[in-house]
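Report on one structure; see the data block that follows.
FYI, side chains are in, hydrogens and waters are out, and symmetry mates aren't considered; it's all heavy atoms of this structure. Lettering of chains follows the sequences in order, A, B, ..., and the numbering in each one begins at 1.
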Number of protein chains: 2
Amino acid sequence: MSQPNLDRRLEHLTTTAKEAGVKLTHQRLEIFREIVLSAEHPDAETIFRAVQKRVPTVSLDTVYRTLWKLHDLGLVTTLGPQRDRVRFDANLDPHHHYICVQCGLVRDFESSELDGLRLPEAVSQLGTIMNAHVEVRGLCSRCQQRLPTQTPNSNQQSQSVP
Amino acid sequence: MSQPNLDRRLEHLTTTAKEAGVKLTHQRLEIFREIVLSAEHPDAETIFRAVQKRVPTVSLDTVYRTLWKLHDLGLVTTLGPQRDRVRFDANLDPHHHYICVQCGLVRDFESSELDGLRLPEAVSQLGTIMNAHVEVRGLCSRCQQRLPTQTPNSNQQSQSVP
DNA sequence: TCCTACTTGCGTATGATACGCAACAAGGAA
DNA sequence: TTCCTTGTTGCGTATCATACGCAAGTAGGA
């Protein structure tokens, strides 16, 4: 990520934090910088080690809490099923996934149109391609109903991609 | 899943197991049935509880081992990053993921063509749609090089979708 | 500069997952 | 059918990621 881009992200962080009444501590800044600058989708442990070099007293727990805080603020997202364990799938036919961000429900759906996706050139330069599928995230109808007359905020993010 | 479909899957299991010299124990049969019959992409714990009703002495550990065994045989796949912790992603722009099944490396790639995916009707009946992205799995070039002159077998599966 | 609510770090708890080992059973051989 | 051999199971326990409670600390508005 380029410097002006980083600056823009940091500005966004500042604004969002202020709006939410969240304090911008040294630790949080460093953790955010680390994840923004990384192209690796690092996990908490990795971020911890990186940040530790510049803030030796930071604790792993703070990294975890900060990451979920950033997540709640909509500043980062997670890969794969949320806060969840590995799940197994016996469906070997081509299919795609719908994942509820609230309860973790996963449903398959089929689409011959999507099965035949044409991937950009760039992808094949990363390595071999074993398969490709679409992952859709949203709030399942059951969870929608359960939500009282509550502001569609607090814990679900409403931004873009995983 | 329908009965004839289940039968077909069980037959496939039998064949594959025999070829691999893997024994078909009562436990394994029940665990496989359970996961094949479920539309929920259950995790190990869930499968364990279900199987336990019919095989009270089964252990959770056996469920784990069986699931990974089935996985190694190419009979089931996992959702999201493999055998891995949750990973964080700071990239909020529309993008897609390339995931190495060997080392867990994740790379983003962009494609305006893929960004504008048209999802089938059926999906919107499952719930709201917050976002959709493509997940590609394969063996990254680095892992390809590392692999000695080894049969492309053992631990990577080469079948279809997550 | 002062206050106060939000944060941090630490110790520890929890929860998922895996490993070693001895008892055990699948399934081919006799 | 009975007998072996080898892969499996269950158990106890280890490991690893992640989260929580609390007292000390600090950001940032008054």
Notebook entry, point to check: Is there a side-chain contact between B:Val76 and B:Val36, using heavy atoms and a 4.5 Å cut-off?
Noted result: no
Next item on the list: Write down the distance between NZ (A:Lys18) and C1' (D:dA27), rounded to a whole number of angstrom.
Entry: 12 Å
Item checked: Proximity to the side chain of A:Thr62 - top-ranked nucleotide from D:dA17, C:dG9, C:dT7 -> C:dG9
Item checked: A:Glu11 bridged to A:Arg9 by N-O distance under 4.0 Å -> no
Notebook entry, point to check: In residues 51-59 of chain B, what residues come within less than 4.0 Å of DNA chain C, judged by heavy atoms?
Noted result: none
Margin query: If I take atom CD in residue A:Glu45 and atom C1' in nucleotide D:dC16, what distance separates them, rounded to the nearest angstrom?
Written below: 9 Å
Item checked: Nearest-Å distance for atom pair CG/C1', residues A:Leu70 and C:dT7 -> 14 Å
Check: Does a side-chain N or O from A:Thr25 land closer than 4.0 Å to OP1 or OP2 of C:dC6, or not?
Finding: no
Next item on the list: For A:Leu24, report the nucleic acid contact type (base, sugar-phosphate, nothing); a contact means any heavy atom under 4.0 Å.
Entry: sugar-phosphate
Note to self: Can you work out whether B:Val22 or B:Asp61 has the more 5'-proximal nearest nucleotide on DNA chain D?
What the structure shows: B:Val22
Item checked: Side-chain donor/acceptor contact of B:Arg65 with base of D:dG10 under 3.5 Å -> yes
Notebook entry, point to check: Short question: side chain of A:Gln144, backbone of B:Gly127 - any donor-acceptor pair under 3.5 Å?
Noted result: no
Next item on the list: Find the distance A:Leu73:CG to C:dC6:P and express it as a whole number of Å.
Entry: 14 Å
Check: Does A:Thr66 reach the main-chain N or O of A:Thr62 with its side chain, forming a donor-acceptor pair under 3.5 Å?
Finding: yes
Item checked: Nucleotide D:dA19, atom P - distance to NZ of A:Lys69 in whole Å -> 13 Å
Checklist line | Nearest-angstrom distance from the residue atom NE2 of B:His26 to C1' of C:dA25 | finding: 13 Å
Margin query: Using 0.5 Å steps for rounding, measure from the CZ atom of B:Arg142 to the CD atom of B:Gln102.
Written below: 12.0 Å
Check: Tell me: CD1 of A:Ile31 to C1' of C:dG9, nearest whole Å?
Finding: 12 Å
Notebook entry, point to check: What residues form a ring pair (Phe, Tyr, Trp, His ring centres under 6.0 Å) with B:Phe109, not counting sequence neighbours?
Noted result: B:His96
Check: For C:dG9, does either OP1 or OP2 sit under 4.0 Å from a side-chain N or O belonging to A:Gln27?
Finding: yes
Next item on the list: Consider the side chain of B:Tyr64, meaning its heavy atoms from C-beta on, and name the nucleotide among C:dT8, C:dT17, C:dA18 that approaches it most closely.
Entry: C:dT17
Check: Taking the six-membered ring for Trp, are the ring centroids of B:His97 and B:His133 within less than 6.0 Å of each other?
Finding: yes
Check: What is the distance from CZ of A:Phe48 to P of C:dT8, rounded to the nearest Å?
Finding: 14 Å
Check: Quick one: is D:dT18 close enough that its OP1 or OP2 comes under 4.0 Å of any side-chain N or O from A:Trp68?
Finding: no
Item checked: Out of C:dA26, C:dA5, D:dC20, whichever nucleotide has its closest atom nearest the side chain of A:Lys23 -> C:dA5
Next item on the list: Answer yes or no: does a side-chain N or O of B:Arg28 lie under 4.0 Å from OP1 or OP2 of D:dT9?
Entry: yes
Checklist line | Distance-only side-chain donor-acceptor flag, A:Asp115 / A:His95, under 3.5 Å | finding: no
